[in-house]
Amino acid sequence: MSPEEKPAAAPRSLAEALRVRDDVSLAALLRSRPDLVTPVPTDLTQLATRAGTRASVVRALERLDRFALQTAEALAVAADPAPYGELLRLMAGDEADPAAAAALPRAVALLREQALLWGADDRLRLVRTARELLAPSPQHPSPTGLGPTVREATAGMSPGRIQEILTTVGLSSTHDSVSAVSALGELFNDRKRMAALLAELPGDSREVLDRLVWGPPYGQVTHDPAAHLRALLDRGLLLPTAPGTVVLPREVALHLRAGRAHRAPEPVPPPVEAAASHRPQVVDATAAGQALAALATVDELLKEWDEGGPTVLRAGGLSVRDLKRTAVALDVSEPVAAFWLELAYAAGLIASDGEADERYAATPAYDEWRELPTGERWARLAAAWLPATRTPGVVGGRDAKDRTLSALGPNLDRSAAPEVRHRVLALLAGLPEGASPGAESVLARLRWERPLRGPQRDRRAPGDDDLRSRLARWTLSEAELLGITGRGALAAPGRALIGAPEPSRNAPQSAPEPEGPGDKLPVHHHTPPVPVPAGPAERSAATANAARLLAPLLPEPLDHVLLQADLTAVAPGPLERELADLLGVLADVESKGGATVYRFTPGSVRRALDAGQTAADLHAFLTRRSRTPVPQPLTYLIDDVARRHGRLRVGAASAYVRCDDDATLDEILADKRAAGLGLRRLAPTVLAAQADPAVLLEGLRAIGFAPAAESAAGDVVIARADSRRTPPRTAPEPVPDGPPAPDDTLLTAAIRAVRAGDLAATTPRKPGPGDGEDGAPGGELPRTGAAETLATMQAAVLTGEALWIGYVNAEGAASQRVIAPIRVEGGFVTAYDHTADEVRTYPLHRVTGVAELADDAR
């Protein structure tokens, strides 16, 4: 075999394994573990060191699917290094489970890609930190349920006792404990001899082994064990680890398990099963109805706060009482009210006003949002919900300091929420169009994709969901409230929102699916991955596409209502904004649903008059906007309230009341209900009050009068519905779950920098002062005089050879570089910098020294 055909030596470290990877493989590593690229490593050695840190390994393990994690757990109890065949036996067992055997190459490739595993198939090595985290110990039992090996369990045992065990099992005595332990281990690993040894045991002894075989492997014994326990101890099938404590050796457990490291390997993800199926048109129509209801709810919430919302708690957020009031006003439960509050907050529509008496109010963005077309208004809300980390589902719970979590308050961010939302919707997108899944099948799939690590996953009680499962449940309910799903199935606008391809409805369809949970429905084991729209441009395009698909599903806004003789008006559908705004001032909403019922009352009519409308304006508005004649009772109501409205005027002295009719003022003074206002007569037509003008207005209205507020100039103050707005506020930024995923530009630059830095750090050079005898660098930058540096640079220009230099930049940071000088003049060297992979110019006075590369590096 020629030197050129000689195979490359096996890597001796993770850094060497990374060094032989191509750029595509390195990019996959940095993309899957973005913490490794923040900041960009100087070379591959630093990258490998960072990949082996505890925090980074823990994060990587938490992102493995269940079978990949089981593979890592099996490697942690295998030999180090372990051949692929041993790993296969641990995962597939002696019977060679075909599903596990088929899935194992993918799991090994995934562990390799994420730098948790390195080495060739004949020498697989788990990263040391991962092995320490997953290997069994008395303090941290292994998820496999396996205990220590025979060698580990007998580490503190007396040599004489080990020899006694050898004799009992029929092995020859040895001269030392090391060989004795090796002989015992070989016996336990020999299937035939082990079967014969177990066949000699009484039934009670086998029952003990059966109880310990799947873990935990530790048990308690007395100082004088029973005969069936003594039989196990004498044969080394149970080994003492502490006084009164014994353990089942790993080799014995693996024999009893038929070689499997896990009781139930899960090589295939559980299916997402469709619980019901509906026609896609029904799903889209239902989702569109929910979208309209969502817009109406958010609009109603913000109108409630138009003149100033509730106060902000000192610690931030909304009080429990104010949340209950909001829930009553919206006619929803408190958790649902918290969802609408947080959604409006995430969309930047509400915020605190920042005043001394801090209150919540609508932002200027709310007025801009109301001007948008209906589809775009919905898409704005949905696009704010999908990436939000604030989680309304935790409202009412307790934080780490046992404080109640308030709506709109701090500590509601859960960084996993966006990823879970997108994954749940992607699983729905993987089902046939119109199919809705069972919640439990979605949760089972998510638990397989991101399992709880360690014993906690086995201790989880039924119904005791982990955070990801709770986030998934909240996603399913919130998506239905928002109109992203309809009847539990993903609607067309929802598909567009997450970037999923639109299904072709023109293709030939098979027999229609049942409308409900009747027949057996399709089962999907593998859901195609749906990429998250990464950049702002992609997210904006997805939002616009969702709005485009929703628009034709929405009914056209109506320009009329139906007035009825019982002082109500019926809106048979969504109303035009101008009509809805004025009607919302003139009447109170009595009921909502497919049709909204408004009721006219003296208070609502007075509210319209306070807003600057006249009786003639209201009569003309109702005549123009009603498809039915204006009922006479409604005409009388408007005229009666208008006749009395403004006869009383309330202004600020501290406060006063004036009226041209002194009999009306006499009536007020005589009313006992006005005693609390502190009224006294200043003139026949003027009363002074000790109360604030706003309190005086409400007090007189409560008695039954219709006063109007008056300015200092004597004009009527018109109360407008949009009078309260916060200063411009930005929507809350999501809290990322670790470093953001690098984009392609950053990945390219990072790999280029790491390669260049590695070249500078590993390129051999000729020995210089301070180096070892083999020419290895002494650990410092090269040091040469100015004359020698200049001469070496000029020679390299003529020969075209590369040089190794030390360089200190203007900030004082030192680095090593490999350059090929092109020109030396004026105190500068222009060279191709292999480290930066570009042509650069360096001042010679910042070059600490220069060294020639070794001959085999050129």
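This chain uses plain numbering: 1 for the first residue, then up along the sequence.
Of all heavy-atom pairs spanning Ile484 and Gly494, the tightest one is CG2-CA, 3.8 Å. Of all heavy-atom pairs spanning Gly348 and Ala365, the tightest one is O-CB, 3.6 Å. When all heavy atoms of Arg423 and Leu446 are compared, the closest pair comes out as CG-CD2, 3.6 Å. Closest approach of Ala101 to Ala92, counting heavy atoms only: N-CB, 4.4 Å. Summarising the geometry of Ala429 relative to Leu490, their closest heavy-atom pair is CB-CD2, 3.7 Å, with the distance given to 0.1 Å. Closest approach of Ala107 and Ala68 over heavy atoms only: CB-CA, 4.0 Å.
Between Arg31 and Asp743, no side-chain nitrogen of the basic residue sits less than 4.0 Å from a carboxylate oxygen of the acidic one, so the salt-bridge criterion is not met. Salt-bridge annotation for Glu62 and Arg450: absent, with no side-chain N of the basic residue lying under 4.0 Å from a carboxylate O of the acidic one. By the 4.0 Å N-to-carboxylate-O rule, Arg250 lies close enough to Glu152 to be salt-bridged with it.
Under 3.5 Å, the side chains of Arg33 and Ser56 contain a donor-acceptor pair of N or O atoms.
Residues satisfying the salt bridge (Lys or Arg N to Asp or Glu O under 4.0 Å) test with Arg823, not counting sequence neighbours, are Glu825. Every residue meeting the side-chain contact (heavy atoms from CB on, under 4.5 Å) condition with Pro732, not counting sequence neighbours, appears here in chain and number order: Tyr345, Arg390. With sequence neighbours excluded, the residues forming a salt bridge (Lys or Arg N to Asp or Glu O under 4.0 Å) with Arg468 are Glu419, listed by chain and number. Looking at residues two or more places apart in sequence or on another chain, you find no salt bridge (Lys or Arg N to Asp or Glu O under 4.0 Å) involving Asp97. For Asn545, the side chain to side chain donor-acceptor pair (under 3.5 Å) test picks out Arg548, with sequence neighbours left out. Contacts of Glu266 classified as salt bridge (Lys or Arg N to Asp or Glu O under 4.0 Å), with partners at least two apart in sequence or in another chain: Arg66. Shown here are the side-chain contact (heavy atoms from CB on, under 4.5 Å) partners of Pro418, two or more places apart in sequence or in another chain: Thr389. Contacts of Ser182 classified as side-chain contact (heavy atoms from CB on, under 4.5 Å), with partners at least two apart in sequence or in another chain: Arg151. Listed by chain and residue number, nothing satisfies the side chain to side chain donor-acceptor pair (under 3.5 Å) test with Trp118 (two or more places apart in sequence, or in another chain). For Glu368, there are no side-chain contact (heavy atoms from CB on, under 4.5 Å) partners two or more places apart in sequence or in a different chain.
Summarising the geometry, atom CZ belonging to Arg421 is positioned 6.0 Å from atom OG1 belonging to Thr391; distances are rounded to the nearest 0.5 Å. Here Leu133 contributes atom CG and Arg54 contributes atom CZ; the two are 4.5 Å apart, rounded to the nearest 0.5 Å. To the nearest 0.5 Å, atoms CG (Leu90) and CD (Glu73) are separated by 12.0 Å. Rounding to the nearest 0.5 Å places CG of Leu87 at 4.5 Å from CG of Leu75. With rounding to the nearest 0.5 Å, the separation of CG in Leu134 from CG in Leu61 is 5.5 Å. Considering CG of Leu104 and CE of Met91, their distance stands at 6.5 Å, rounded to 0.5 Å.
Listed by first then second residue, pairs satisfying salt bridge (Lys or Arg N to Asp or Glu O under 4.0 Å) with a partner in residues 75-91 read Asp80-Arg125, not counting sequence neighbours.
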Show me the donor-acceptor pairs, under 3.5 Å and distance only, between side chains in residues 19-27 and residues at least two apart or in other chains.
residue : atom : partner : partner atom : Å
Arg19   : NE   : Asp758  : OD2          : 2.7
Arg19   : NH2  : Thr45   : OG1          : 3.2
Arg19   : NH2  : Asp758  : OD1          : 3.0
Arg21   : NH1  : Ser25   : OG           : 3.4
Arg21   : NH1  : Glu113  : O            : 3.2
Arg21   : NH2  : Arg112  : O            : 2.1
Asp22   : OD1  : Val24   : N            : 3.4
Asp22   : OD1  : Ser25   : N            : 2.8
Asp23   : OD1  : Arg755  : NE           : 3.0
Asp23   : OD1  : Arg755  : NH2          : 3.0

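By the 6.0 Å contact criterion, CZ on Arg128 is open, its count of non-hydrogen atoms from other residues, nucleotides or ligands being 12 or less. Surrounding CZ of Arg106 are more than 12 heavy atoms belonging to other residues, nucleotides or ligands, all under 6.0 Å away.
Checked by atom type and distance alone, the side chain of Thr830 never pairs as donor or acceptor with a backbone atom of Ile822 at under 3.5 Å. For the pair Arg50 (side chain) and Leu36 (backbone), a donor-acceptor distance under 3.5 Å is present. Formation of a donor-acceptor pair under 3.5 Å by the Thr784 side chain with backbone atoms of Val850 is found in this model.
The aromatic ring centroids of Tyr807 and Tyr842 lie less than 6.0 Å from each other.
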From CA spacing to verdict: side chain to side chain contact (heavy atoms under 4.5 Å, CB included), Val735, Arg414 = CA-CA 8 Å; Val735 177; Arg414 299 296 182 270; over 6 Å; no

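Side-chain atoms of Val420 and Leu467, non-hydrogen and from C-beta on, never get closer than 4.5 Å to each other.
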